[in-house]
Colleague: 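Let me give you the structure first, and then I'll get to my questions.
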Amino acid sequence: MKDENLYRPYAADVALGRCSCGQHGSQHEHDAEAARARSLRGEKAESLSTDFVEAALVRAIFPQDATRRLFLKAVGANAAMAAIASMMPISDLQAMTLDKAGPLEKKDLTVGFLPITCATPIIFAGAADFYGREGLNVTLQKTAGWAIVRDKVLAKEFDASHMLSPMPLAISLGAGSTAAPMVMPVMENINGNAITLHLKHKNNRDPRNWKGMKFAIPFDYSMHNFLLRHYLAAHGIDPDKDVQLRVMAPPDMVANMRSGNIDGFIVAEPFNQRAVYEKVGFIHLLTSQIWDNHPCCAFAATEDFVNQHPNTFAALVRSIIRATAYVNKAENRKGVAEMIAPANYLNQPQTVVEQVLVGRYADGLGQVLNAPDRIAFDPFPWHSMGVWMLTQMKRWGYIKGEVNYKDIAERVYLATDAKKRMAELGLDAPAQTYRKHMILGKEFDPAQPEAYLKGLPAAA
Amino acid sequence: MSTNLSFRAALLSVLLFACFIGIWHLATLPADGGAVSAADAEYAALMGQGAGKAEGFPTPAAVGRTFVHFLSDPFYDNGPNDKGIGIQIAYSLLRVGAGFLLATLVALPLGFLIGMSPLMTRALNPFIQVLKPISPLAWMPLALYVLKDSDVSGIFVIFICSMWPMLLNTAFGVASVRRDWINVARTLEVGPVRKAFRVILPAAAPTILTGMRISMGIAWIVIVAAEMLVGGTGVGYFVWNEWNNLALPNVIFAITMIGLVGMLLDFAFGVLQKMVTYRD
């Protein structure tokens with residue numbers, strides 16, 4: 001338990017210029033092997049739990065880390081271990097926490113999703129039974145709209161659900177909803193949306209001329225709404241006065257475009273591609289051209305659910321991260337498209353889904369374009385993304401008054417938790433949870449949200 | 001004479017149907033396909049050409065194929081979001097049945113009370129008049145919030161929409177039982193319970209059943225809309241799911257099935273109504 005312990009409570013000194021155990025050629029080799037052993041222990045829930053208990057106990061005995069180090073130096077790690085073990089029932093405690101932390105609190109779960117490609121990891125984890133590997137029995141429930149998703153999550157009919165990434169922030173703040181603390185452990189997709197215009201606008205590509213046009217958006221609290229508003233405002237169009245924005249379900253968007261009721265829409269795939277397939281519209285731009293690698297949809301649950309079912313929640317998040325990593329690989333995309341296109345999931349023609357996931361697509365104006373990054377899947381919930389969304393909610397008047405950007409983003413977006421789960425699966429997670437983003441050629445610095453907001457046109 | 005009439009009526013029905021299909025067929029004849037520009041083959045393939053993709057409004061033949069496809073296996077179950085039409089209709093009927101039964105349990109006794117007491121009629125009338133014209137679906141958001149369960153909310157919406165025709169018809173039927181019969185019952189010193197069940201109920205039964213028949217018609221209309229809204233299961237969800245795929249033949253199929261089931265329900269209540277009708 002000495003060096004392989006993930007928390008290394010007995011390591012008094014390691015960097016002495018030579019290997020501290022004497023079995024390795026150098027301290028570097030020693031460290032590398034110990035790190036391997038540690039990460040192996042970290043992957044297994046059992047050893048992780050026993051190590052954690054041991055570390056916590058040692059920390060409780062020596063609240064001051066300096067004292068602990070002095071003590072270990074004075075008596076040696078082995079003597080210290082024996083001394084503590086003789087006084088404290090470490091193994092009993094470890095067994096107790098294993099009992100408590102081990103089993104899943106709830107195995108039969110209902111998870112909601114909307115039939116769009118953003119939900120690919122959630123759907124694929126079901127289709128390929130990644131949930132089953134974690135011992136979960138998940139029923140995936142297709143849902144008709146975002147408002148219903150919100151209501152069903154709050155009513156606890158869904159244990160967790162696919163959501164638009166601004167929704168957990170908005171619900172936690174009580175914007176457009178009854179306030180309920182939500183958490184968002186992982187993102188689903190980045191990019192994966194587009195602005196589609198009616199074919200009659202094929203020579204009207206400059207947004208400065210879009211005054212008086214009607215656009216459909218999927219939901220108020222969506223990246224789609226924020227990105228379209230941002231894009232319009234950057235081109236001198238006031239999204240509240242110069243154009244009409246209407247909330248609409250995706251298939252209604254395609255139908256309304258056919259009948260000419262709307263001039264364009266911004267929505268998740270595959271409905272942009274579907275409008276092309278139906279010969280009613282063309283893809284004006286992919287949203288990656290507004291903000292490359294922008295967040296879109298997410299996976300979220302209420303804070304209550306997480307507090308009551310920590311192990312189940314961890315298992316659920318692990319299955320989704322595993323699925324996210326799988327579906328993000330370019331070589332898997334074709335097979336994934338085939339798997340999620342049928343009626344039980346997206347219920348779309350396979351070629352439409354494939355054009356989105358593979359990124360080689362018809363643009364509706366007679367050209368075949370290549371955009372391998374048209375949609376990508378990355379679970380890490382950047383706090384800086386949450387801060388940007390909050391600036392936009394404030395900008396367009398969805399939330400009022402002082403906003404504590406960082407606090408809210410950090411409470412809802414569980415980046416630390418995501419790091420832990422990603423590490424459990426041997427995936428690399430970023431060290432930071434904030435970074436700067438380039439959005440429409442302007443840098444967004446999450447440390448200066450108010451300054452960024454002041455620099456934007458049409459700020460409320 | 002009467003058989004002759006019904007034979008001619010049936011003939012006319014068939015003829016009208018044939019005309020309808022014929023016009024539909026002519027109206028949806030595919031436009032000349034040769035006009036497609038010589039765009040490159042990959043683009044055409046990505047647009048779904050040559051992959052059996054139907055353009056424009058579906059033809060009767062395409063819809064016919066859809067009917068055969070769905071009806072040949074009405075009870076398949078490919079997971080929670082893809083079930084056969086038979087299973088979906090069963091879910092809808094179950095919800096309608098539950099809501100309707102609850103409404104009956106409330107509306108009939110309450111209707112009796114209102115019908116027999118002029119005081120209660122006047123006291124409850126304003127409430128009924130306000131609640132009656134509310135579109136049942138308008139209750140949905142409120143129901144979802146309070147009941148916290150979409151299934152129960154669906155049943156509640158059916159309950160509330162089946163309630164009023166039954167309640168009003170029961171009250172009206174009870175109130176307009178012939179005075180002579182009540183007086184005879186009084187002369188014979190019949191107890192109130194016995195009077196209610198042996199005199200008033202049979203006398204008011206045809207009116208009550210008319211109310212129930214109207215309620216059932218409304219309930220069947222409302223369940224489709226409610227299920228489209230909340231999703232999950234049921235024939236309304238089926239319509240929504242096919243609409244999500246913009247698959248019009250499937251939507252037409254579902255609409256027809258909804259109509260047929262509605263007709264059968266109405267027919268069943270028609271038979272019941274005949275059974276309780278009496279001649280003065």
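In what follows, chains carry the letters A, B, and so on, assigned in the order in which the sequence lines appear, proteins first and then strands, with residues in each chain numbered from 1. In what follows, every heavy atom counts, from backbone to side chain, and hydrogens, waters and symmetry copies are set aside.
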Colleague: Is chain B contacted by the side chain of A:Arg274, its backbone, both, or neither, given a heavy-atom distance below 4.5 Å?
Modeller: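 Looking at A:Arg274, just its side chain touches chain B.
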Colleague: Answer with side chain, backbone, both or neither: which region of A:Glu157 has an atom nearer than 4.5 Å to a non-hydrogen atom of chain B?
Modeller: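 Side chain only.
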Colleague: Check whether any side-chain heavy atom of B:Asn244 lies under 4.5 Å from a side-chain heavy atom of A:Phe271, and answer yes or no.
Modeller: yes
Colleague: Using non-hydrogen atoms only, which part of A:Glu354 is less than 4.5 Å away from chain B: side chain, backbone, both, or neither?
Modeller: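 For A:Glu354, no heavy atom lies under 4.5 Å from chain B.
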Colleague: Give me the atom names and distance for the closest heavy-atom approach of B:Met47 to A:Ala362.
Modeller: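 What the structure gives for the nearest pair is SD-CB, 3.9 Å.
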Colleague: Of the backbone (N, CA, C, O) and the side chain (C-beta and beyond), which part of A:Phe158 lies under 4.5 Å from a heavy atom of chain B, both, or neither?
Modeller: neither
Colleague: Might you confirm whether atom CZ of B:Phe70 has over 12 heavy atoms from other residues, nucleotides or ligands at distances under 6.0 Å?
Modeller: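 Correct, the count exceeds 12.
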Colleague: Among A:Pro342, A:Gly364, A:Gly126, which has the most heavy-atom pairs under 4.5 Å with chain B?
Modeller: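 Option with the top pair count is A:Gly364.
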Colleague: Looking at A:Gln355 and B:Leu46, would you say the former's side chain and the latter's main chain have a donor-acceptor pair under 3.5 Å?
Modeller: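 Side chain of A:Gln355 to backbone of B:Leu46, a donor-acceptor pair under 3.5 Å: yes, one is there.
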Colleague: Is there side-chain contact between B:Trp243 and A:Asp252, with at least one heavy-atom pair below 4.5 Å?
Modeller: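 The answer is yes, as the side chains (C-beta and beyond) meet within the 4.5 Å cut-off.
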Colleague: Can you list the residues of residues 299-309 of chain A that sit under 4.5 Å from chain B, counting heavy atoms only?
Modeller: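 Against chain B, none of the residues of residues 299-309 of chain A fall inside the cut-off of heavy atoms under 4.5 Å.
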Colleague: Could you check if a side-chain atom of B:Asn245 sits within less than 4.5 angstrom of a side-chain atom of A:Pro349, using non-hydrogen atoms only?
Modeller: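 Yes, side chains in contact.
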